[in-house]
Visitor: 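Pasting a structure here, questions to come.
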Amino acid sequence: MADGLSATPERAAEMDWDAAARILADATKGADDGEIFAEDTRAESFYWDDGRLKSASFDATQGFGLRVVAGERAGYGHASVLETDAVSRAAEAAVAVKAGHDGTLDVSPAKVNRQLYADFDPIEAPSFTDKTNLLAEIDAYCRAKDPRVVQVAATLSGARRGLTILRPDGLKLTDYRPLVRINVSITAERDGRRESGSAGAGGREPYEVFIAPDRWKKLADEALRIALVNLDAEPAPAGEMDVVLGPGWPGILLHEAVGHGLEGDFNRKGTSAFSGMLGQRVAAPGVTVVDDGTLENRRGSLTIDDEGTPTQRTVLIEDGILKGYLQDRLNARLTGVAPTGSGRRESYAHRPMPRMTNTFMTAGDKDPKEILASLKRGVYAVNFGGGQVDITSGKFVFQCTEAYFVEDGKIKYPIKGATLIGDGPSALTRVSMVGTDLELDEGVGTCGKAGQSVPVGVGQPTLYITGLTVGGT
């Protein structure tokens, strides 16, 4: 990994790391853990709507957070400047949690030599003009594709974060994290009825990977296809029925309804539906759920997490048996297990907590066509929008943005207004068939927890789930 704090060495030089190391070492005496997390981020976004560029923004931020951990308490101070005086003031605030505590500092994470993505800055290329011209080209392409298109919205965004994590023993870990995304949304109208569709892609690769004509045209065609499908959609039926979930993005249901319940903080506190169930059956045979932060260039992948721990492939559920939880350093230490490289934070102004990276169900042994053909009467859900989940009970509600009513194994018609209602633990036990067609999403996922948002990936193969409640129109 490259040395230094940021993309611009002159800004990195503002921090006196020797002085910062002395302040941190003094602040963490008698504590269990702690670090300085510093970042320098450049980000941009472009939004095209209604035939013109609606907004363009650029943001450059830098700052640090200093954390002192004593037991399960954590003191935190942060500032938007990389200056020694600010580090001292942050330390004065953070050390308050040590009162009455006498601990031993946890060992630092091991350094890694691998880097999951190249060091590049999406802000630098293509040029501002090239990016806005591309959005105009996308708009023209979509409108020319079908006369029913009445509105086109397209977005581009890119960022590069430069990170330095300083440990109390003086170890300094650095990382740089590029991230880009493109999204196309289309509204189509027929006989006074309007429906929408959208598609997007992203990851830790240069813009060129996603804005090549064959790539963005594929996204535009997909957004139009979904909009036109929804023009033909009929009101969704309601009641308990079997559901087939398509591969890829429908893994967002797994992420929300199951993944959050497998994060270490909820389980240490006993507030998850999966608390205290290690080694027990929590899913049907054949169900294996993995969180893997080591996949190259994926949106949820990290070389190291936000505490400096190398990311890894963590098997959470294996053949239906609960094998482990996602752990940051604090929760791992308190429960006597190893961290899994899952400590993540939105920015220097936030404390780390256990979070997912790329979470997915592995492939099974059933032909996807066979799975759909076995559905006698139910819903085939291909895409999802928003959803809600209660961590304690695992109960979820998800809105389908593309779904179909199926009878005797054949798709009858598209439906709108369908919601899937259930709970994660029960849904896992009702998985009766797992397809061979594992797909990860296109790189558009963002996960929220405790007011913090981080990029993630999701995925799954085609699944057959018995007895979900479908809310209709």
Visitor: List the residues meeting ring-ring contact (aromatic ring centres under 6.0 Å, His included) with Phe128, not counting sequence neighbours, and say none if there are none.
Guide: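 With neighbours one apart ignored, the set is Phe46.
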
Visitor: List for me each residue that meets salt bridge (charged side-chain N to carboxylate O under 4.0 Å, His left out) alongside Asp328, sequence neighbours excluded, and say none if there are none.
Guide: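 Asp328: no salt bridge (charged side-chain N to carboxylate O under 4.0 Å, His left out) contacts found.
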
Visitor: Regarding Arg160 and Glu124, does a basic nitrogen lie under 4.0 Å from an acidic carboxylate oxygen?
Guide: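 Between Glu124 and Arg160 there is no salt bridge, as every charged N stays at least 4.0 Å from the carboxylate O atoms.
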
Visitor: Would the distance check show the side chain of Arg204 and the main-chain N or O of Ala118 forming a donor-acceptor pair, the cut-off being under 3.5 Å?
Guide: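 No, the answer is negative, given that no donor and acceptor are paired below the 3.5 Å cut-off.
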
Visitor: So does Arg351 get a backbone contact from the side chain of Gln452, meaning a donor-acceptor N/O pair under 3.5 Å?
Guide: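 Yes, because the side chain of Gln452 sits within donor-acceptor range (under 3.5 Å) of the backbone of Arg351.
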
Visitor: Give a yes-or-no answer on whether the side chains of Thr84 and Asp16 include a donor-acceptor pair shorter than 3.5 Å.
Guide: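 Note: Thr84 and Asp16 side chains miss the donor-acceptor criterion.
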
Visitor: Does the pair Thr164 and Trp17 meet the rule for a side chain to side chain contact (heavy atoms under 4.5 Å, CB included), with working shown?
Guide: CA-CA 10 Å; Thr164 297; Trp17 288 108; 3.5 Å; yes

Visitor: Kindly compute the distance separating OG1 (Thr462) from CE (Met361), expressed to the nearest 0.5 Å.
Guide: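 Output value for this atom pair is 11.5 Å.
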
Visitor: Distance-only, no hydrogens or angles: does the Asn383 side chain make a donor-acceptor pair with backbone N or O of Thr401 under 3.5 Å?
Guide: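 A pair under 3.5 Å: no.
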
Visitor: Apply side chain to side chain contact (heavy atoms under 4.5 Å, CB included) to the pair Asp306 and Arg355, showing each step before the final yes or no.
Guide: CA-CA 11 Å; Asp306 295 330; Arg355 304 290 299 271; over 6 Å; no

Visitor: Residues two or more places apart in sequence or in another chain: which of them pass salt bridge (charged side-chain N to carboxylate O under 4.0 Å, His left out) with Glu439?
Guide: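 With sequence neighbours excluded, Glu439 shows a salt bridge (charged side-chain N to carboxylate O under 4.0 Å, His left out) to no residue whatsoever.
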
Visitor: Applying salt bridge (charged side-chain N to carboxylate O under 4.0 Å, His left out), can you list everything that pairs with Lys54, at least two apart in sequence or on another chain?
Guide: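 Expected list: Asp49.
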
Visitor: Taking side chain as C-beta onward, heavy atoms only, is Arg299 less than 4.5 Å from Val444?
Guide: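 Arg299 does not reach Val444 side chain to side chain.
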
Visitor: So, does Asp32 use its side chain to make a donor-acceptor pair with the main chain of Gly71 at under 3.5 Å?
Guide: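 Yes, Asp32 side chain to Gly71 backbone: donor-acceptor pair under 3.5 Å.
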
Visitor: For Ser55, give me all partners under side chain to side chain donor-acceptor pair (under 3.5 Å), at least two apart in sequence or on another chain.
Guide: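 Applying side chain to side chain donor-acceptor pair (under 3.5 Å) to Ser55 gives none.
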
Visitor: What is the distance from atom OG of Ser198 to atom CD of Glu402, rounded to the nearest 0.5 Å?
Guide: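 CD of Glu402 is found 10.5 Å from OG of Ser198.
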
Visitor: Taking the side chain as every heavy atom from C-beta outward, state whether Arg167 and Leu105 have any atom pair closer than 4.5 Å.
Guide: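 No - every pair of side-chain heavy atoms lies 4.5 Å or more apart.
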
Visitor: Report the C-alpha distance between Met356 and Val458 in whole Å, list the side-chain angles of each, state the deciding distance to 0.1 Å, and finish with yes or no for side chain to side chain contact (heavy atoms under 4.5 Å, CB included).
Guide: CA-CA 9 Å; Met356 287 171 276; Val458 301; over 6 Å; no

Visitor: Do Trp216 and Ile182 have side chains that approach each other closer than 4.5 Å (heavy atoms only, starting at C-beta)?
Guide: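 Counting from C-beta outward, Trp216 and Ile182 do come under 4.5 Å.
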
Visitor: Hey, does Pro178 have a side-chain heavy atom less than 4.5 Å from the side chain of Asp121?
Guide: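 Asp121 does not reach Pro178 side chain to side chain.
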
Visitor: Mind checking what makes side chain to side chain donor-acceptor pair (under 3.5 Å) contact with Ser393, not counting sequence neighbours?
Guide: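 Scan of Ser393 (side chain to side chain donor-acceptor pair (under 3.5 Å), adjacent residues dropped) gives Asp390.
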
Visitor: Closer than 3.5 angstrom, by distance alone: can the side chain of Asp319 be matched with the main-chain N or O of Gly286 as a donor-acceptor pair?
Guide: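 Side chain of Asp319 to backbone of Gly286, a donor-acceptor pair under 3.5 Å: yes, one is there.
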
Visitor: Is the number of heavy atoms from other residues, nucleotides or ligands within 6.0 Å of NZ (Lys449) greater than 12?
Guide: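 Above 12, so yes.
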
Visitor: Search all heavy atoms of Leu420 against all heavy atoms of Ala381 and return the closest pair with its distance.
Guide: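 Shortest heavy-atom contact: CD1-CB, 4.4 Å.
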
Visitor: May I have all residue pairs that pass side-chain hydrogen bond (donor to acceptor under 3.5 Å, both in side chains) and include part of residues 277-298, sequence neighbours excluded?
Guide: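 Passing the test, one end in residues 277-298: Asp291-Thr357, Asp291-Thr359, Asp292-Thr294.
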
Visitor: Distance from Arg161 atom CZ to Asp40 atom CG, nearest 0.5 Å?
Guide: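 If we round to the nearest 0.5 Å, Arg161:CZ and Asp40:CG are 11.0 Å apart.
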
Visitor: Side chains of Pro455 and Leu179: closer than 4.5 Å at any heavy-atom pair?
Guide: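 SC-SC contact between Pro455 and Leu179 confirmed.
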
Visitor: Identify which one of Leu330, Asn331, Leu326 satisfies the side chain to side chain contact (heavy atoms under 4.5 Å, CB included) criterion when paired with Asp265.
Guide: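 That would be Asn331; it is the only one of Leu330, Asn331, Leu326 passing the side chain to side chain contact (heavy atoms under 4.5 Å, CB included) with Asp265.
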
Visitor: Listing request: all side-chain hydrogen bond (donor to acceptor under 3.5 Å, both in side chains) pairs with a residue in residues 68-81, at least two apart in sequence or in separate chains.
Guide: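 Listed by first then second residue: Glu72-Arg268, Tyr76-Arg345.
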
Visitor: Does Arg333 pair with Asp33 as a salt bridge, N-O distance under 4.0 Å?
Guide: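 Result for this pair is no, no salt bridge flagged.
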
Visitor: Sequence neighbours excluded, which residues qualify as side chain to side chain donor-acceptor pair (under 3.5 Å) partners of Thr309?
Guide: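 Expected list: none.
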
Visitor: Spell out, as yes or no, whether a donor-acceptor pair under 3.5 Å connects the side chain of Asn358 to the backbone of Gly300.
Guide: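 Side chain of Asn358 to backbone of Gly300, a donor-acceptor pair under 3.5 Å: yes, one is there.
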
Visitor: Roughly how far, to the nearest 0.5 Å, is CD1 of Ile304 from CG of Leu116?
Guide: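 Answer for the CG-CD1 pair, Leu116 versus Ile304, is 10.5 Å.
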
Visitor: Does the Glu44 side chain pair with the main chain of Phe58, one donor and one acceptor, at a distance under 3.5 Å?
Guide: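 Checking the backbone N and O of Phe58 against the side chain of Glu44, no donor-acceptor pair under 3.5 Å is found.
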
Visitor: Determine yes or no for a side-chain-to-main-chain donor-acceptor pair under 3.5 angstrom, with Asn230 supplying the side chain and Gly197 the backbone.
Guide: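 It does not hold such a pair.
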
Visitor: Between Leu262 and Ser272, is any pair of side-chain heavy atoms under 4.5 Å apart?
Guide: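 A side-chain contact under 4.5 Å is absent here.
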
Visitor: Which pairs of donor and acceptor atoms, one on a side chain in residues 242-257, lie under 3.5 Å apart (sequence neighbours left out)?
Guide:
residue, atom, partner, partner atom, Å
Asp242, OD1, Gly467, N, 3.0
Asp242, OD2, Tyr464, OH, 2.6
Trp249, NE1, Phe384, O, 3.1

Visitor: Just by distance, do the side chain of Lys131 and the backbone of Pro126 share a donor-acceptor pair under 3.5 Å?
Guide: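 It does hold such a pair.
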
Visitor: Please enumerate all residues that pass side chain to side chain donor-acceptor pair (under 3.5 Å) together with Glu442, with sequence neighbours excluded.
Guide: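 For Glu442, the residues satisfying side chain to side chain donor-acceptor pair (under 3.5 Å) (neighbours in sequence not counted) are Arg215.
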
Visitor: Start with the C-alpha distance between Tyr117 and Asp175, add both sets of side-chain angles, then the distance that settles side chain to side chain contact (heavy atoms under 4.5 Å, CB included), and finish with yes or no.
Guide: CA-CA 10 Å; Tyr117 27 77; Asp175 197 14; 3.2 Å; yes

Visitor: Give every residue pair that meets the salt bridge (Lys or Arg N to Asp or Glu O under 4.0 Å) criterion with at least one member in residues 55-70, sequence neighbours excluded.
Guide: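 Sorted pair list: Glu35-Arg67, Arg67-Glu307.
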
Visitor: Flag the pair Asn267 / Thr335 as yes when at least one side-chain heavy-atom distance between them is below 4.5 Å, and no otherwise.
Guide: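 Heavy-atom side-chain distance check fails, nothing below 4.5 Å.
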
Visitor: Under the 3.5 angstrom rule, does the side chain of Thr340 hit a backbone N or O of Gln327 as a donor-acceptor pair?
Guide: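 Yes, Thr340 side chain to Gln327 backbone: donor-acceptor pair under 3.5 Å.
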
Visitor: Specify the closest pair of heavy atoms between Ala427 and Leu468, including all atoms of both residues, with the distance to one decimal.
Guide: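 Heavy-atom minimum between the residues: CB-CD2, 4.5 Å.
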
